[in-house]
2 protein chains.
Amino acid sequence: MRVNIGEIARRAGVARSTVSYALTGKRPVSEETRQRIQAVIEELNYRPNAAARALKEGRTRTIGLVIPPASQRLTDMQLGFVATVVDAAARADLDVLLSPSGGEHERSFERVVTGRRVDGVILMEIRLEDDRVTRLRQSGLPFVGIGRTSHPEDMTWVDVDYETLISQCVHHLADLGHRNIALVNRSAELVAAGYGPGHRAQAGFTRAVAQRDLHGVHACCADDAQAGLSCVERLLAEHPELTAIATINETAITGMYRALAQAGLAVPKDFSIAGVAAQHLAENLDPPLTSADVPTIELGARAVELLIQRIADPGSTHRHLLAAPPISLRGTTGPAKPRA
Amino acid sequence: MRVNIGEIARRAGVARSTVSYALTGKRPVSEETRQRIQAVIEELNYRPNAAARALKEGRTRTIGLVIPPASQRLTDMQLGFVATVVDAAARADLDVLLSPSGGEHERSFERVVTGRRVDGVILMEIRLEDDRVTRLRQSGLPFVGIGRTSHPEDMTWVDVDYETLISQCVHHLADLGHRNIALVNRSAELVAAGYGPGHRAQAGFTRAVAQRDLHGVHACCADDAQAGLSCVERLLAEHPELTAIATINETAITGMYRALAQAGLAVPKDFSIAGVAAQHLAENLDPPLTSADVPTIELGARAVELLIQRIADPGSTHRHLLAAPPISLRGTTGPAKPRA
DNA sequence: TTGTATGCGTTATCAG
DNA sequence: CTGATAACGCATACAA
């Protein structure tokens, strides 16, 4: 079963190099021998050994995708990125090696980065200060971030412009007359760890609140429905003046809806809510969420594209893509109505 | 930057083999030289080249995970499998190569199977008759199915016992007095293509309906909320006698809820619904779904475990794990109440 | 305890 | 147009 290029050459009565060239087309091979070789290859179902090829060529035709550890469930948006990255990579005949990073899986990341297992890396869930970025940088391995650090100039990335988007959400709510708005962020641990979207969303929120002279409340919330429920319960109790929420925590939204319903608040009649979410999720919520739909497909595909360019020319200048999709109105926001 | 074992040996003033042995521990190395070597390794941040090692050892320390093509969104259950497989593999110091199969991505699957890129494969979303199983079998590559074909004896797999579980759902509903029950299956295309869970759920449904002398309706439904909505709308219109639904289509459930609400049917007062779903999803629905919670974590981890065994001893007898978790009552089922 | 030599399967270089 | 041969980086049997 272990058929190699030498065996093909022997059976076809040619040299190993001829088989190689017949395969890669990097030098002319007469039609006759080409066909003879092709016949043997198909008969034995031969395929070049990837490890040998990688060793010789110095490239693996594989990219690494570093994801948050699986233990904490991925968000819909993250899943969208994984799916489209895999898809775009397959389209370019690249394989994808998955590496859960963070927590207990440092070894996996280390293997990917330093074992020459991949030609480049796509890094998700980047912190403002991120050790992995430092590691990748010093390793010299080409990489692209889905997300960016606080010094984003000297790396290549695609990202969602949470700052602008949350700001737009607030302005949209303010236009509807809301004066007391809460931002429901991701988990406190994540924000404390310097999670970029969390900080940037907060910055955008603060800015817009100041611009419109509103009263803003900031709350962190873990990534699940239960947390969303208790977070909003608490917000409603502690801040009876609130009439709207802006959020980047898509996983907690169903819980927020539930808390509002339990408090007897109808959306959007009594309370408005807008956010940044994966389009698929926003559309499938009940009611569908007014949100800035993150174009995960485009971003994921672009990340792969940028990585391929970067692998081809590691010295090229860094490129960036900051996505700020428009807000899709789906009916979870309406005119402000003061609460009791 | 291209530091190899020879460079380490040179700087440490030893032979290449000594470095290798110091690394693998497969032969004693004096503490002194060991430390000297270690120092150089850390200084240069050396890590063995994975391709060279794979070429020499004949194994890659990588497993392949074949997933449904990314274009069609993965279900929560599938995502649970991916996450736990990656996690369990990382724990065993194995990397995971992702391969979307089906549709336009045949090349990716072919590369994984035949290019010696992985030591074994975990195959998801298996059909009753599945070409990929045939390919894997003839390739001699160890593999484990999450799911099984119609001839499951001669392969290793873990699976969810949809037949038993849907049967139990029906019995549970019958116990509550329901006499007219619908099964909402996955999409018609999937079922037509011989998708195992779809067929087995239908078998279990038919069996239980016969055993309890009920009236059963079978409906296929695409994997999204919109489809769930229109599917249930249609069911309610065409079968006014229905009072309950059993389903394996977790992605469509929010849509089903919406259709029931729009028809003025309260769950569980006027209408009952039970299903097979990922625990996380069932718990986070509103209302939380009474369902058999598929233990994705255990199944995923077991699949990796079985694959590791199979790689170690490819000749060993095939093992199987059929999971039939108990139904968790979460309040979406209640006594039958005849509809108008 | 350490060093030397060989081969894993490819592709590139050099001859012809 | 084709053949022989030398690397790629590592692990191991063999020799010392």
Side-chain angles (χ1 to χ4, degrees), chain A residues 1-38 40-41 44-62 93 95 111 113-119 139 141, chain B residues 1-38 40-41 44-62 111 113-119 139 141:
Chain A
M1 218 49 182
R2 317 187 54 88
V3 38
N4 60 21
I5 200 172
E7 179 66 14
I8 304 295
R10 212 178 51 71
R11 298 218 191 187
V14 296
R16 294 205 306 272
S17 53
T18 304
V19 177
S20 176
Y21 286 119
L23 234 34
T24 63
K26 290 189 182 174
R27 118 178 158 180
V29 173
S30 79
E31 191 51 29
E32 191 206 327
T33 51
R34 229 194 63 75
Q35 299 215 344
R36 200 165 63 245
I37 290 169
Q38 196 54 41
V40 180
I41 285 179
L44 301 192
N45 199 263
Y46 161 79
R47 216 72 52 175
N49 178 311
R53 179 176 270 183
L55 179 57
K56 180 61 186 167
E57 290 196 324
R59 63 169 183 160
T60 60
R61 296 162 195 272
T62 303
D93 280 325
D95 289 319
R111 268 201 310 273
V113 173
T114 195
R116 305 202 188 314
R117 292 179 81 20
V118 298
D119 298 335
S139 81
L141 199 60
Chain B
M1 217 50 184
R2 318 184 56 86
V3 39
N4 61 21
I5 200 171
E7 181 65 15
I8 305 294
R10 211 176 53 70
R11 298 218 192 188
V14 297
R16 292 206 308 272
S17 58
T18 305
V19 177
S20 177
Y21 287 120
L23 234 35
T24 63
K26 291 194 179 171
R27 124 179 154 180
V29 173
S30 80
E31 190 52 29
E32 191 207 327
T33 50
R34 230 194 63 75
Q35 299 214 346
R36 200 166 66 246
I37 289 169
Q38 196 56 41
V40 178
I41 285 179
L44 301 192
N45 199 266
Y46 163 79
R47 216 73 53 175
N49 177 310
R53 180 177 268 185
L55 181 58
K56 178 64 185 167
E57 290 194 325
R59 62 168 183 160
T60 59
R61 296 164 196 270
T62 303
R111 270 200 308 272
V113 173
T114 197
R116 304 203 188 314
R117 291 180 78 22
V118 299
D119 298 335
S139 81
L141 199 60

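All values below were derived from every heavy atom in this structure, side-chain atoms included, with hydrogens, water molecules and symmetry-related copies excluded. In the text below, chain A, chain B and the rest are named by the order of the sequence lines, each starting its count at 1.
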Got a list of protein N/O to nucleotides 5-7 of chain C N/O distances below 3.5 Å?
residue: C/dG7; atom: N2; partner: B/Lys56; partner atom: NZ; Å: 3.1

- Could you give the OH-to-C1' distance, from B/Tyr21 to C/dG3, as a whole number of Å? 11 Å
- Query: Which value, rounded to the nearest 0.5 Å, describes the distance between A/Asn49 atom CG and B/Thr114 atom OG1?
  - Reply: 10.5 Å
- Message: As a quick check of understanding, evaluate side-chain contact (heavy atoms from CB on, under 4.5 Å) for A/Arg16 and A/Asn4, giving each step before the final call.
- Response: CA-CA 10 Å; A/Arg16 294 205 306 272; A/Asn4 60 21; over 6 Å; no
- Task: Would you classify A/Gly13 as touching base, sugar-phosphate or nothing, given that sugar-phosphate means primed atoms plus P, OP1 and OP2, and contacts are heavy atoms under 4.0 Å?
- Result: sugar-phosphate
- Nearest-Å distance, CD1 (B/Ile5) to P (C/dT4)? 14 Å
- Message: Measure CG/B/Asn4 against C1'/D/dA11 and give the value in whole Å, please.
- Response: 14 Å
Just list the side-chain donor-acceptor pairs under 3.5 Å for residues 28-36 of chain A, sequence neighbours left out, or say none.
residue: A/Ser30; atom: OG; partner: A/Thr33; partner atom: N; Å: 3.3
residue: A/Ser30; atom: OG; partner: A/Thr33; partner atom: OG1; Å: 2.9
residue: A/Glu31; atom: OE2; partner: A/Gln35; partner atom: NE2; Å: 3.0
residue: A/Thr33; atom: OG1; partner: A/Ser30; partner atom: O; Å: 3.0
residue: A/Arg36; atom: NE; partner: A/Ala12; partner atom: O; Å: 2.9
residue: A/Arg36; atom: NH2; partner: A/Ala12; partner atom: O; Å: 3.3

- Working to the nearest 0.5 Å, report the span between OG1 of A/Thr60 and CZ of A/Arg116. 11.0 Å
- Note on the structure: note: A/Glu7, atom CD; C/dT10, atom C1'; distance rounded to Å ~ 16 Å
- Message: Near DNA chain D, counting only heavy atoms under 4.0 Å, which residues of residues 23-38 of chain B show up?
- Response: B/Lys26, B/Arg27
- Measure from CZ on A/Arg53 to P on C/dC8 and round the result to the nearest Å. 19 Å
- Note on the structure: Residues at least two apart in sequence or cross-chain that pass side-chain contact (heavy atoms from CB on, under 4.5 Å) with A/Ile41, listed by chain then number, are A/Ile8, A/Leu23, A/Ile37, A/Gln38, A/Tyr46
- Correct closest heavy-atom pair for B/Leu55 and A/Ala52 would be CD1-CB, 3.7 Å
- Query: D/dA11 P sits how many Å from B/Glu57 CD, rounded?
  - Reply: 6 Å
- Closest contact, heavy atoms only, B/Thr62 versus B/Arg117: CB-O, 3.9 Å
- Message: I want to check one thing: is the phosphate of D/dG9, taken as OP1 and OP2, less than 4.0 Å away from some side-chain N or O of B/Asn49?
- Response: no
- Query: Of B/Thr18 and B/Ala52, whose closest DNA chain D nucleotide lies nearer the 5' terminus?
  - Reply: B/Ala52
- Query: Residues two or more places apart in sequence or in another chain: which of them pass side-chain contact (heavy atoms from CB on, under 4.5 Å) with A/Glu57?
  - Reply: A/Lys26, A/Arg53, A/Arg59, A/Arg61
- Query: Atom OG in A/Ser139, atom CZ in B/Arg47: separation rounded to 0.5 Å?
  - Reply: 11.5 Å
- Double-helix bend of the helix from C/dT1-D/dA16 to C/dG16-D/dC1, axes at both ends from 5 pairs, round to 10°, gives 40°
- To the nearest Å, how far apart are A/Leu44 CG and C/dG9 P? 14 Å
- For B/Leu55 and D/dA11, what is the distance between atoms CG and P respectively, to the nearest whole Å? 11 Å
